[in-house]
Amino acid sequence: MAKKIIKRSWAEPFKIKVVEPIKMTTREYREKCAKEAGYNTFLLKSADVYIDLLTDSGTNAMSDYQWAGMMIGDEAYAGSRNFYYLWDNVKKYYGMPYFVPTHQGRAAEHLISKIMIKPGDYIPGNMYFTTTRLHQELAGGTFVDVIIDEAHIPQNKHPFKGNVDLQKLEDLIKKVGAKKIPYVSIAGPVNMAGGQPISMQNLKEVSKLCDKYGIKLWFDATRATENAYFIKVREKGYENKSIALILKEMCSYFDGLWVSAKKDLMVNIGGFLATRNKKVYEEARNMVVVYEGLHTYGGLAGRDMEAMARGIEEMVEFDNIKARVGQVEYCGKQLEKYGIPMVYPFGGHAIFLDAKKFLPHLRQDVFPAQALANEIYVDSGVRGMERGIVSAGRDPKTGQHRYPKLELVRLTFPRRVYTQAHIDVMVESIATVFQNRKQIKGLKMVYEPKYLRFFQARFSKL
Ligand code: F0G
């Protein structure tokens with residue numbers, strides 16, 4: 001008899017040493033919690049959440065190597081040893097000579113927006129990110145989306161939906177003039193598009209176009225190792241290159257970058273700005289003293305910087321990033337078996353449910369993704385996040401809701417935190433909610449804060 005070929009699976013390249021108990025509650029109790037939270041998953045108490053897929057930001061499990069580093073924090077006000085080690089690793093892995101630490105990503109966005117943008121400027125980018133665009137707007141700029149059209153279509157399987165449409169970018173440059181564009185803002189992968197990567201080829205072309213018009217290119221490198229992973233597995237010519245090499249090549253096309261270290265670097269807090277531009281660096285180094293702290297700690301403890309430096313070394317390990325992206329893919333494949341509508345291809349950090357297809361009976365202005373995130377929480381204590389009309393906010397000029405094409409619920413995976421069994425439980429819950437989807441009603445916004453409303457808005461049931 002011919003031997004059957006037995007499939008060989010992969011598994012995480014780590015074992016669990018410290019655990020934190022989580023508890024399942026009753027549906028009745030969660031209904032009460034959801035109501036008290038104004039049907040906004042950001043306003044739930046963590047203790048009332050069973051599986052927390054709100055974000056991968058600061059929610060990661062650090063390694064024993066990182067925790068060991070926390071014990072050798074040099075907490076000097078100035079010139080901490082950990083700062084210099086972190087700076088060395090930023091130079092080594094991101095290839096940027098200058099570096100300023102910040103307490104998290106948006107603090108670096110604040111600095112770079114204030115330094116580069118003048119009122120009336122335009123900042124083209126491959127889809128908006130909430131905090132990134134807000135800081136650009138607060139500095140007087142207008143964000144212009146120049147991502148390829150495919151990025152706005154959930155079912156489209158383009159392997160690099162984070163790519164820039166070069167024609168859209170050049171048209172904008174010609175329309176407003178290069179002098180009105182302080183920099184092009186590129187994220188890789190693109191969070192709001194579903195964790196979709198930009199290709200190296202496209203990056204090269206964007207860089208060439210920017211050079212042609214003398215425009216700077218800046219990089220939101222918050223999850224850049226996930227982008228590097230997708231380049232390695234999807235783009236010809238990169239299959240044999242290491243994640244570290246690909247990351248460095250990506251960064252080589254930019255004048256500078258900012259990072260929320262709470263993602264790739266697998267720490268609980270931290271961020272930074274790095275650049276090859278000495279003038280920008282000097283301004284950032286000066287400004288960080290006003291908003292964050294001295295330039296050798298930028299709002300962080302020495303121990304946080306040590307954990308970041310060590311996180312950089314771990315984030316580029318192939319097995320680590322493969323397991324991270326592989327877990328997201330596993331989840332997507334399980335959901336697919338139940339016919340759940342999602343964004344394709346599966347992203348690097350999260351699965352995005354397509355709320356427009358999930359709840360076709362709800363108009364976008366009754367917040368279908370917000371309602372869906374809430375139903376999932378009530379069903380099983382799984383917490384996701386709205387990434388649709390609430391997150392998109394209002395147009396600052398007209399005051400009207402922005403109506404994004406993508407109306408999504410994000411189920412985001414903290415790194416090294418949940419097991420395959422957690423995912424199975426979560427998938428079964430979503431499949432149950434899908435079965436009962438026709439009963440789901442829309443929401444009405446009853447409290448709306450001025451900035452980044454999705455964090456604190458409150459809703460009532462219609
Ligand atoms: N850029 C990207 C691509 C991000 O995803 C985030 C944060 C930031 C910048 C801002 O960094 O939170 O450290 O200030 N994203 C989190 C999320 C909040 O859940 O996607 P931060």
Side-chain angles (χ1 to χ4, degrees), residues 40-42 46 52-60 100-113 123 125-138 143 145 147 151 161-162 185-198 218-227 250 254 256-274 288 291-292 298-300 304 307-308 311 324 328 343 347-352 369 373 383-388 390-393 406 408-415 417 451-456:
N40 184 348
T41 53
F42 277 101
S46 159
D52 201 350
L53 305 180
L54 183 72
T55 179
D56 61 335
S57 183
T59 52
N60 308 294
V100 173
T102 57
H103 82 280
Q104 60 182 78
R106 71 197 71 179
E109 290 170 344
H110 174 212
L111 297 180
I112 194 60
S113 304
I123 304 93
N126 54 348
M127 203 174 270
Y128 85 99
F129 183 69
T130 53
T131 57
T132 317
R133 180 176 64 189
L134 178 62
H135 281 293
Q136 292 164 350
E137 288 173 354
L138 290 174
F143 174 82
D145 190 0
I147 202 164
K161 279 166 106 174
S185 177
I186 295 296
V190 181
N191 192 346
M192 301 302 278
Q196 305 297 330
I198 179 167
W218 277 73
F219 187 25
D220 181 341
T222 292
R223 296 184 185 81
T225 57
E226 288 164 17
N227 201 104
M250 286 169 66
F254 292 92
L257 52 87
W258 66 89
V259 167
S260 166
K262 299 167 75 174
K263 282 84 164 175
D264 265 1
L265 282 68
M266 295 172 284
V267 291
N268 304 124
I269 194 76
F272 62 88
L273 189 149
V288 79
Y291 295 106
E292 297 285 296
L300 295 165
D304 297 327
M308 280 165 69
R324 194 269 181 296
V328 176
V343 173
H349 65 308
I351 286 295
F352 290 72
R383 169 157 70 170
M385 176 196 291
E386 193 266 6
R387 292 278 81 159
V390 184
S391 297
L406 298 175
L408 312 172
V409 170
R410 191 182 76 175
L411 303 160
T412 334
F413 291 82
R415 293 158 191 82
V417 170
Y451 301 116
L452 303 174
R453 64 183 183 177
F454 57 95
F455 283 129
Q456 291 149 340

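Everything quoted here is computed from the prediction, not taken from an experiment. When a ligand or atom number is given, it counts from 1 through the structure's own listing order.
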Shortest protein heavy-atom distance from [atom], along with the residue and atom involved:
atom	value
atom 9 (C) of ligand 1	Glu109 OE2, 3.1 Å
atom 3 (C) of ligand 1	Asp220 OD2, 3.2 Å
atom 8 (C) of ligand 1	Phe129 CE2, 3.6 Å
atom 13 (O) of ligand 1	Ser260 OG, 2.6 Å
atom 16 (C) of ligand 1	Lys263 NZ, 3.2 Å

message: The criterion is side chain to side chain contact (heavy atoms under 4.5 Å, CB included); which residues satisfy it with Thr222, sequence neighbours excluded?
response: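 Asp220, Ser260, Lys263.
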query: So which of Arg387, Arg410, Arg106, His135 gets nearest to atom 12 (O) of ligand 1, if we judge by its closest heavy atom?
result: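 That would be Arg106.
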N/O donor-acceptor pair under 3.5 Å between [X] side chain and [Y] backbone:
X	Y	result
Arg223	Ala187	no
Ser391	Glu386	yes
Asp56	Arg415	no

If you count the atoms of ligand 1 from 1 in the order shown, which ones are under 4.0 Å from a heavy atom of [X]?
X	result
Arg223	3 (C), 4 (C), 5 (O), 17 (C), 20 (O)
Gly105	11 (O), 13 (O), 14 (O), 21 (P)
Lys262	13 (O)
Thr131	8 (C), 10 (C)
Thr222	1 (N), 2 (C), 9 (C)

Once you round to the nearest 0.5 Å, how far does [atom1] of [X] lie from [atom2] of [Y]?
X	Y	atom1	atom2	answer
Arg387	Phe129	CZ	CZ	5.5 Å
Asp264	Met308	CG	CE	11.5 Å
Lys161	Ile198	NZ	CD1	15.0 Å

query: Given Thr55, which of Arg410, Arg383, Lys262, His349 fulfils the side chain to side chain contact (heavy atoms under 4.5 Å, CB included) condition?
result: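 It is Arg410; the other options fail the test.
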- request: Determine whether the side chain, the backbone, both or neither of Met127 has a heavy atom under 4.0 Å from any heavy atom of ligand 1.
  value: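 Neither; no heavy atom under 4.0 Å.
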- request: Indicate, as side chain, backbone, both or neither, the part of Gln104 found under 4.0 angstrom from ligand 1 when only non-hydrogen atoms are considered.
  value: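 Near ligand 1, Gln104 shows its backbone as well as its side chain.
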query: Hey, does Thr55 come in under 3.5 Å of ligand 1, counting only N/O atoms on both sides?
result: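 Thr55 vs ligand 1: N/O contact under 3.5 Å present.
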query: Is any side-chain heavy atom of Val100 less than 4.5 Å from a side-chain heavy atom of Glu292?
result: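 The answer is no, as the side chains (C-beta and beyond) never meet within the 4.5 Å cut-off.
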